[in-house]
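One structure is given here, and the rest of the page talks about it.
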Amino acid sequence: MDIQALLNKMTVKEKIYQLLMMNTLAYAGKKEENLTGPAAKLIFDKNYLFESGSALNSVGARRMIDIQKNYLENSKNKIPLIFTQDVIHGYRTLYPVNLAIASSFDTKLAHDCAQMAAKEASIDGVQVTFAPMVDLVRDPRWGRVMESSGEDPYLNCKMAKATVEGYQGDMGKYNIAACVKHFAAYGAAEGGRDYNCVDMGEPTLRNYYLPAYKAAIDAGVMTLMTSFNSLNGVPSAGNKWLVKDILRDEWGFDGVVISDYASFREMIVHGYAEDGKDAAYKAMEATGDIEMSSTNYPLYLEELISEGKISMEQLDKAVLRVLKLKDDLGLFDNPYRSTDVEEAEKIILCKEHRDLARYAAEESAVLLKNNGILPLKEDVSSVAVIGPLANTGEIFGNWHCGAKAEETITVLDGIKSIIGDRAKYAKGCDIEITSTDESQIAKAVKLAKKCEKVVLCLGEHQFDSGESQCKAILELPEVQYKLLNEVLKVNKNVVVLLFTGRPLAIERLDAIAPAILNMWMPGTEGGNAAANLLFARSVPSGKITMSFPRVSGQCPIYYNSYNTGRPKLQKDLVREKYTSSYLDVLNSPLYPFGYGMSYSTFEYSDKAIDKTTMTRGEKIIASVKVKNTGNYKCKEIVQLYIRDLVGSIVRPVKELKGFEKIELDIGEEKTVTFEIDEESLAFYGADLTKKAESGKFQVFIGASSDCEPFAEFELK
Ligand code: GLC
């Protein structure tokens, strides 16, 4: 399509309405007569309803076809709508939440899961997903950590690249355009409270929070979403320095920039825009293209252009980016793209997709503790499956798209599929964080007493993490501890399955539970994955990518922190006066970044680097031997960390610079090697240029971030 020629035929208002995204159902009627839901509250010229550019939230293949057809019949320019959806961790077949997928440290898995989601979404009428969310996170009080890959920029970049490539592929029939979000630093919301302000120095922004957006852009992401938060006092939606200067001019991103929901209008609420006209001006100056679910562009851009405050060139650039996206999606050739009602019914939730979702849940689970009770044996005489999350399909996770509880395998079902009616169920207590009802505990205890083993499913409701689901209290509710303690009184053989979208403060649980297997929110096949792991049909190999605090008061907490001038020297001593520490809690997390157990054990030996001096342009090879010294064939995620001992700004005590997931047969030993090059050592220093600074570096290799250096080298 000659989009320039198309643009030249459009009036100013028609151009402006291409930048408007409203809820899909707004386009379902003939004119404004049935504007319902959020769109009904929007103020805009209804005569241009069928000139607006894109639709928010999928409605399924059949309705998408009807709505696109209705739109085109009523449209003057007949420029097809783009249909969008938050396909975050699956479309209808859900794989685990993204914080879980990251725990697999398996970029191919992340890729394949996104690819599967794109296939289901594309044939069901979706063309753009608002994913991947790549916000770096350090505070589990923030509900949206579930969508992230965690606290490390290196891993976040790898996961961002893999996920974009999974969604977009070669933009064929079964691919959808991705949208990297939320630009920028939304994960640093103060107090872990959603939508809250973000303040940080530019070195921190560039060294930790920006890299993953850039990785997505380098991977070819077609769109980007700006974030709700203000960054150093300026809301991202109107942040010209962030979006125009860095994203467009410095990074060269010329894809479509989409606002978050009504975030243009929210600039007024922030106190950054005087009114809608000022908001429209600031958004356009920041080169925001699509306005989602508010109408400042339609209401004020024409006036701003007539006043010469916004140029026609600025408007044309934005509209051309939207038209190019539609052209790249092939919508001018086929406004329905990959939508196929019959194929959707065949492909969605098919066995292949369920198998992948189950495998992903097995690879993402993290064994946090095991006194030896795990794995269970399949000849067990009986298992009491107890808890508020034992017999519910609501373990697929928030941002659930089209998932349904009745299509999700429960833990009870999963265990029954292995041991049949030797699995017995009692709820024990409710999941609501406000519940104090202990009336169901007695029945659960009675069951636990009769059974050989107990699987106790605890945690949080799946909708207690996700957007706006923030918590100041990360501890489990008292009633869940009451249930656990009463069960333990009659049966010591208890395995806790933890279901959560975030790290929880579970020091109490760790102290009393014989074993804890963190399933996160495992998706559609969660129950089968849990059962396979409990009975060692699959061996846990996941490792957390976000630190688990001991208590909520430690947050934010993350491994790649600074040493300070008064570091705590004795890790296991709570009080160390005149050091950076607490009176009442250790500094260390309950479980550190990169931590996760297996049913097997490993021996790390012969850690080495091939030279102790590195000149510019050279590489250092670090190596280690890892042996499976246990009784199970399994996987291990070997991690490389580096510490820059002195810099023009202080440097973290260690940073992940490499990882490799290896599979080891019983008794098998493998050598793992890592390359350390200048890029690995580069950072934005005091002068805000990115480079590796000469000096000494320590090298760590281990099974988690809690490892000691084994070598040192100098960069000349
Ligand atoms: C929400 C979220 C964003 C999502 C958008 C559309 O408020 O912040 O992540 O993509 O609105 O649903």
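As the structure lists them, so they are numbered: ligands from 1, and atoms in each ligand from 1. Note: hydrogens, waters and symmetry copies are ignored here, and every other heavy atom, side chains too, is used.
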Margin query: Testing the 3.5 Å rule here: is there a donor-acceptor pair between the side chains of Asp135 and Tyr209?
Written below: no

For the residue pair [X] and [Y], what are the closest heavy atoms and their distance?
| X | Y | answer |
| --- | --- | --- |
| His461 | Ile431 | N-CG1, 3.5 Å |
| Tyr186 | Asn229 | CA-OD1, 3.2 Å |
| Ser149 | Asn156 | CB-OD1, 3.2 Å |
| Arg206 | Ile246 | NH2-CD1, 3.6 Å |

Can you find an N/O atom of [X] closer than 3.5 Å to an N/O atom of ligand 1?
| X | answer |
| --- | --- |
| Glu467 | yes |
| Trp399 | no |
| Tyr261 | no |

Notebook entry, point to check: At what distance is the nearest protein heavy atom to atom 12 (O) of ligand 1, and which residue and atom is it?
Noted result: Asp86 OD2, 2.5 Å

Notebook entry, point to check: Tell me: protein heavy atom nearest atom 11 (O) of ligand 1, and distance?
Noted result: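 For atom 11 (O) of ligand 1, the nearest protein heavy atom is Asp260 OD1, 3.1 Å.
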
Margin query: Given Tyr91, which partner from the list Ile176, Ile348, Leu349 fulfils the side chain to side chain contact (heavy atoms under 4.5 Å, CB included) test?
Written below: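 When Ile176, Ile348, Leu349 are each tested with Tyr91, the side chain to side chain contact (heavy atoms under 4.5 Å, CB included) holds only for Ile348.
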
Checklist line | Within-4.5 Å side-chain heavy-atom neighbours: Tyr300 and Ile310 | finding: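 Not touching, per the 4.5 Å side-chain cut-off.
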
Next item on the list: Mark up the atoms of ligand 1 that fall under 4.0 Å of a heavy atom belonging to Lys181, in ascending order.
Entry: 3 (C), 4 (C), 9 (O), 10 (O)

Next item on the list: Give the atoms of ligand 1, by number and element, whose distance to some non-hydrogen atom of His182 is under 4.0 Å.
Entry: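 In order of number, 3 (C), 8 (O), 9 (O).
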
Next item on the list: Have a look at ligand 1 and work out which part of Arg144, if any, has a heavy atom under 4.0 Å from it: side chain, backbone, both or neither.
Entry: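 Answer for Arg144: side chain.
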
Notebook entry, point to check: When you look for heavy atoms under 4.0 Å from ligand 1, do you find them on the side chain of Met133, its backbone, both, or neither?
Noted result: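 The answer is neither.
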
